[in-house]
Participant: 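Could you have a look at this structure, given as structure tokens, before my questions?
Since this is a predicted model, take the numbers as computed values, not measurements.
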Amino acid sequence: MPSKEKTKNTDAAKSGSPLADRAAGTKKNDAALDPQAVTKPADLKTLATAVLRTNDHGTYTIPAANLYPHQWLWDSCFIAIGLRHLDPMRACQELRSLVRGQWANGMLPNMIFSDASEYNHDRNYWRSWINPNAPEGVATSGITQPPMFAEAVWQVGQVLPPTERRTWFREMFPVIVDYHSWLYDERDPHDEGLILLVHPWETGLDNTPPWMAELHEHNMPAWIKLVKTLRLDNIIGSLRRDHHYIPPGQRLSTIEILSLFDAQRRLRRKRYDTYSIIKRGLFSIEDLTFNSILLRANERLRQIADYLRRQIPDDLEANMALTPAALEKLWDEQTKQYYSRDFSTHRLLLQPSIAALMPLYAGVISPERAAQLVRGLENDKKFGAVFPVPSVPLDSPYFNPQLYWQGPSWVNTNWLIIDGLKRYGFDDHAAALIETTLDMVGRSGFAEYFDPVTGEPLGARDFSWTAALTIDLLKQSKGRKAD
Ligand code: GLC
């Protein structure tokens with residue numbers, strides 16, 4: 001396993017991007033930074049803690065005020081990974097709050113709605129209660145999000161004393177088994193080892209190019225095309241809630257938002273039943289980021305099972321065993337990259353995105369392929385931005401430094417890449433990316449995302465996973481310990 005390799009991998013540490021230079025120790029990208037503007041580690045930790053406090057709703061943490069008033073699945077996983085350094089019991093609670101939303105079939109929904117009366121509209125829009133598997137008395141969405149849950153459970157477990165850790169793992173083991181079983185049973189209907197997603201919101205990378213290309217080229221509903229032709233989207237756009245808080249150029253276009261809501265309504269019409277959705281839904285894509293995260297989550301599940309000396313059910317174990325080889329089907333020899341794939345035609349969706357780097361985090365690819373991916377990270381025309389890692393390569397026609405998942409750098413994907421770099425022995429690259437990430441946050445605050453060229457803060461401010469993962473990265477940083 002690459003993770004066991006302890007030799008330092010300097011293969012790809014040549015020159016090119018600021019990250020590569022920093023990893024090779026030849027040059028630093030400090031030129032791009034005003035050292036005065038960078039917050040000191042101790043202050044950064046205090047400020048990050050304050051953000052998490054502000055967004056704390058008692059038993060769970062919202063991603064940010066105003067725009068994100070509910071609990072989100074992978075947000076709370078990242079939040080727990082940071083919170084464990086402040087208050088392990090509260091980190092456990094963060095994840096327990098996700099379990100209250102688990103469906104009887106095992107699904108963990110991407111959103112659990114606040115029960116405040118002002119959010120009636122959101123709850124009614126999803127109407128999770130139309131599916132008999134939805135939990136009683138808790139309103140949720142009807143779709144999932146990247147399966148970070150097992151990783152979060154594992155990471156929180158690491159800071160608990162042995163007895164509490166055992167109790168914690170014992171409590172969470174069946175939750176993970178049920179969730180992963182649901183993924184394979186419902187979302188891998190041909191037993192191919194890859195999970196299919198039915199909505200862009202399930203990717204967590206809402207407007208990522210491969211999905212948006214599918215939408216614009218194949219899946220745009222006729223009525224939305226008409227809205228576009230008649231330019232009604234300008235009028236509809238003026239009513240958007242997110243535009244009250246975030247400049248329109250930093251969010252999805254109104255045509256895309258309408259399409260995502262249309263796709264959601266189709267799922268609701270099918271009562272979120274995967275079998276009927278696959279036949280009639282707008283999207284069915286085997287998403288690269290999601291499946292890479294699942295591979296790692298399966299490994300965490302095995303580690304938890306070993307710790308407890310428990311058996312993973314045979315059918316789940318058999319399904320999990322298919323995924324490493326299945327990931328290799330997503331490799332394209334010509335461009336030397338992995339991609340997402342259309343579920344029914346098996347066509348690779350060749351628009352590059354941050355997903356290309358996620359197999360590092362999965363940890364099951366060969367060291368040669370890992371080195372190939374790292375070259376992309378170093379290349380100043382690809383992912384080697386001044387403030388890495390951009391959510392699409394700099395030379396992509398989709399690249400826009402301010403547009404959500406089509407250019408900006410995000411701290412959660414950086415965290416995943418840092419972990420992947422360490423697994424493959426690229427310790428200098430990992431250390432360099434930790435420092436550039438902390439620099440970026442240190443000068444721009446805990447933004448939702450950042451301009452990879454200027455480091456400017458974008459999207460929501462005081463964003464919880466940015467704060468939580470900053471706390472974790474400060475722990476990982478060799479140079480700047482916060483305490
Ligand atoms: C957006 C992001 C998604 C995140 C959610 C809440 O939808 O794309 O990844 O989970 O906001 O922060």
Participant: Classify the side-chain pair D43/T46 by whether it contains a donor and acceptor separated by less than 3.5 Å.
Facilitator: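 There is no such pair (donor and acceptor under 3.5 Å, judged by atom type) between the side chains of D43 and T46.
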Participant: We want to know whether Q402 and D451 form a side-chain donor-acceptor pair, criterion being a heavy-atom distance below 3.5 angstrom.
Facilitator: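 On atom types as modelled, these side chains qualify, holding a pair under 3.5 Å.
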Participant: W331 ring centre to R369 NZ or CZ under 6.0 Å, with the angle to the axis within 45°?
Facilitator: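 Positive - R369 is close enough to the ring of W331 and near enough to its axis.
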Participant: Short question: side chain of N400, backbone of Q406 - any donor-acceptor pair under 3.5 Å?
Facilitator: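 It does not hold such a pair.
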Participant: What heavy-atom pair brings N55 and S464 nearest, and what distance separates the two atoms?
Facilitator: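 Shortest heavy-atom separation between N55 and S464 comes out as ND2-OG, 2.9 Å.
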Participant: Does any part of the side chain of R170, heavy atoms only, come nearer than 4.5 Å to the side chain of R310, both counted from C-beta?
Facilitator: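 R310 vs R170: side chains touch.
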Participant: Where do I312 and A305 come nearest, in terms of heavy atoms and distance?
Facilitator: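 For I312 versus A305, the nearest heavy atoms are CG1-CB, 3.8 Å.
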Participant: Would you confirm whether N414, through its side chain, and P388, through its main-chain N or O, come within 3.5 Å as a donor-acceptor pair?
Facilitator: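 Answer holds: yes.
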Participant: Verify, without hydrogens or angle tests, whether S477 (side chain) and L473 (backbone) share a donor-acceptor contact under 3.5 angstrom.
Facilitator: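 Not at all, since once roles are kept as given, no pair shorter than 3.5 Å links the two residues.
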Participant: Would the distance check show the side chain of R84 and the main-chain N or O of I81 forming a donor-acceptor pair, the cut-off being under 3.5 Å?
Facilitator: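 Flag set: sc R84 to bb I81 pair under 3.5 Å.
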Participant: Evaluate the side-chain proximity of T144 to N110: yes if any heavy-atom separation is below 4.5 Å, no if none is.
Facilitator: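 Sidechains of T144 and N110: no contact.
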Participant: So, do F169 and W154 have ring centers that fall under 6.0 Å from each other?
Facilitator: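 Between W154 and F169, which both carry aromatic rings, the centre distance is below 6.0 Å.
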Participant: Please answer whether the main-chain N or O of V153 pairs with a side-chain N or O of W168 as donor and acceptor at a distance below 3.5 Å.
Facilitator: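 Here the side-chain-to-backbone pair exists.
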Participant: For the pair D242 and R251, find out whether any cationic side-chain nitrogen is under 4.0 Å from an anionic carboxylate oxygen.
Facilitator: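 Answer for the salt bridge query: yes.
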Participant: Would you give the length of the straight line joining atom OG of S391 to atom CZ of F399, rounded to the nearest 0.5 angstrom?
Facilitator: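 It comes to 8.0 Å.
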Participant: Any donor-acceptor pair under 3.5 Å linking the side-chain atoms of Q155 with those of E151?
Facilitator: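 Checked: E151/Q155 side chains pair up, N/O donor to acceptor below 3.5 Å.
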Participant: Can you list the steps and then say if S181 with D178 is a side chain to side chain donor-acceptor pair (under 3.5 Å)?
Facilitator: CA-CA 5 Å; S181 299; D178 288 354; 5.4 Å; no
Participant: For side-chain contact (heavy atoms from CB on, under 4.5 Å), just list the numbers for H85 and K45, CA-CA rounded to whole Å, side-chain angles, deciding distance to a tenth of an Å, and then say yes or no.
Facilitator: CA-CA 11 Å; H85 301 299; K45 187 174 173 195; 5.7 Å; no
Participant: Are R341 and K329 close enough that some pair of their side-chain heavy atoms sits under 4.5 Å apart?
Facilitator: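 Yes, side chains in contact.
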Participant: Taking atom types as modelled, find out whether T140 and W103 have a side-chain donor-acceptor pair closer than 3.5 angstrom.
Facilitator: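 On atom types as modelled, these side chains qualify, holding a pair under 3.5 Å.
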Participant: Does either side chain, that of R300 or that of Q303, offer a donor lying less than 3.5 Å from an acceptor on the other one?
Facilitator: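 Yes, a side-chain donor-acceptor pair sits under 3.5 Å.
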Participant: Any side-chain donor paired with an acceptor under 3.5 Å for Y339 and Q351?
Facilitator: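 There is no such pair (donor and acceptor under 3.5 Å, judged by atom type) between the side chains of Y339 and Q351.
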Participant: Could you tell me whether the side chain of E94 and the main chain of T61 form a donor-acceptor pair under 3.5 Å?
Facilitator: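 Present.
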Participant: Please find the pair of heavy atoms, one from I417 and one from I354, that lie closest to each other, and give the distance.
Facilitator: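 Smallest interatomic distance, heavy atoms only, reads CD1-CD1, 3.8 Å.
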Participant: Could you grab the distance from atom CG of N291 to atom CD1 of I195, nearest 0.5 Å is fine?
Facilitator: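 Going from the CG atom of N291 to the CD1 atom of I195 covers 6.0 Å.
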Participant: Ignoring hydrogens and geometry, is there a side-chain-to-backbone donor-acceptor pair from R90 to L86 under 3.5 Å?
Facilitator: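 No: the side chain of R90 does not pair with the backbone of L86.
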Participant: One thing to verify: whether R302 and E317 come together as a salt bridge, which I'm taking to mean a side-chain N less than 4.0 angstrom from a carboxylate O.
Facilitator: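 Salt bridge: yes.
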Participant: Would you mind reporting whether Y184 and N298 have side-chain heavy atoms less than 4.5 Å apart?
Facilitator: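 Result yes, sub-4.5 Å side-chain heavy-atom pair found.
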Participant: Does W415 have its ring centroid less than 6.0 Å away from the ring centroid of W465?
Facilitator: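 Not under 6.0 Å, so no.
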Participant: My understanding is that only one of D287, T208, I285 makes a side chain to side chain contact (heavy atoms under 4.5 Å, CB included) with L349; could you say which?
Facilitator: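 Among D287, T208, I285, the one meeting side chain to side chain contact (heavy atoms under 4.5 Å, CB included) with L349 is I285.
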Participant: For the CG atom of L348 and the CG atom of D332, what is their distance to the nearest 0.5 Å?
Facilitator: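 Going from CG on L348 over to CG on D332, the span is 6.0 Å.
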Participant: Regarding T436 and D439, is there a side-chain donor-to-acceptor distance under 3.5 Å anywhere?
Facilitator: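 Their side chains do not contain a donor-acceptor pair, so the 3.5 Å distance test is not met.
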Participant: Please give me the minimum heavy-atom distance between V392 and W405, naming the atom from each residue.
Facilitator: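 Shortest heavy-atom separation between V392 and W405 comes out as CG1-O, 3.8 Å.
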Participant: Looking at E299 and R423, is there a salt bridge between them, counting it only when a charged N and a carboxylate O are closer than 4.0 Å?
Facilitator: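 Looking at R423 and E299, the cut-off is met.
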Participant: Could you tell me whether the side chain of S340 and the main chain of L288 form a donor-acceptor pair under 3.5 Å?
Facilitator: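 Yes, the answer is positive, given that a donor and an acceptor are paired below the 3.5 Å cut-off.
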Participant: Can you see whether T466 engages E448 through a side-chain donor-acceptor pair at a distance of less than 3.5 angstrom?
Facilitator: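 Short answer, no.
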Participant: Of all the heavy-atom pairs spanning L196 and S284, show the shortest one and how long it is.
Facilitator: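 Closest approach of L196 to S284: CD1-CB, 4.1 Å.
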Participant: Heavy atoms only: give me the nearest L98-S76 pair and the separation to one decimal.
Facilitator: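 So the minimum-distance heavy-atom pair works out to CD1-CB, 3.8 Å.
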Participant: Between W410 and Y449, what is the ring plane arrangement, given parallel below 30°, perpendicular above 60°, and tilted in between?
Facilitator: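 Taking Y449 first and then W410, their aromatic rings lie parallel (interplane angle under 30°).
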Participant: I'd like to know if R166 and E171 make a salt bridge, using a cut-off of under 4.0 Å between side-chain N and carboxylate O.
Facilitator: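 Salt bridge absent between R166 and E171.
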Participant: About how many Å separate NE2 of H429 and CG of L377, when rounded to the nearest 0.5 Å?
Facilitator: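 Nearest 0.5 Å value for the CG-NE2 distance: 6.5 Å.
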Participant: Can you tell if the side chain of E192 reaches within under 4.5 Å of the side chain of F343, non-hydrogen atoms only?
Facilitator: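 Contact flag for E192/F343 side chains = yes.
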Participant: Can you find a pair of side-chain heavy atoms, one from S444 and one from E456, that are under 4.5 Å apart?
Facilitator: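 Result no, sub-4.5 Å side-chain heavy-atom pair not found.
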Participant: Taking the side chain as every heavy atom from C-beta outward, state whether L205 and P146 have any atom pair closer than 4.5 Å.
Facilitator: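 Contact flag for L205/P146 side chains = no.
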Participant: With a 4.5 Å heavy-atom cut-off, do E186 and M107 have their side chains touching?
Facilitator: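 Not touching, per the 4.5 Å side-chain cut-off.
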Participant: Nearest 0.5 Å, what's the CH2-CE distance between W72 and M111?
Facilitator: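 The distance works out to 5.5 Å.
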Participant: Over 60° means perpendicular and under 30° means parallel, so classify the ring planes of Y179 and W182, tilted if in between.
Facilitator: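 Ring orientation, 0 to 90° scale: parallel.
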Participant: With rounding to the nearest 0.5 Å, note down the distance linking CD in E435 to CG in L19.
Facilitator: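 Atom-to-atom, E435:CD and L19:CG are 11.0 Å apart.
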Participant: Salt bridge check: are D395 and K382 linked by an N-O gap of less than 4.0 Å?
Facilitator: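 Looking at K382 together with D395, the answer is yes, because their closest N to O distance falls below 4.0 Å.
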Participant: Do H346 and E286 have side-chain N/O donor and acceptor atoms under 3.5 Å apart?
Facilitator: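 There is no such pair (donor and acceptor under 3.5 Å, judged by atom type) between the side chains of H346 and E286.
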Participant: Show, in sequence, the C-alpha distance, side-chain angles and deciding distance for R187 and E202, and conclude whether the salt bridge (charged side-chain N to carboxylate O under 4.0 Å, His left out) test is met.
Facilitator: CA-CA 12 Å; R187 296 301 190 84; E202 292 198 304; 2.9 Å; yes
Participant: Under 3.5 Å, is there a donor-acceptor pair between the side chain of Y338 and the main chain of M358?
Facilitator: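 The answer is no, because no donor-acceptor pair under 3.5 Å joins these two groups.
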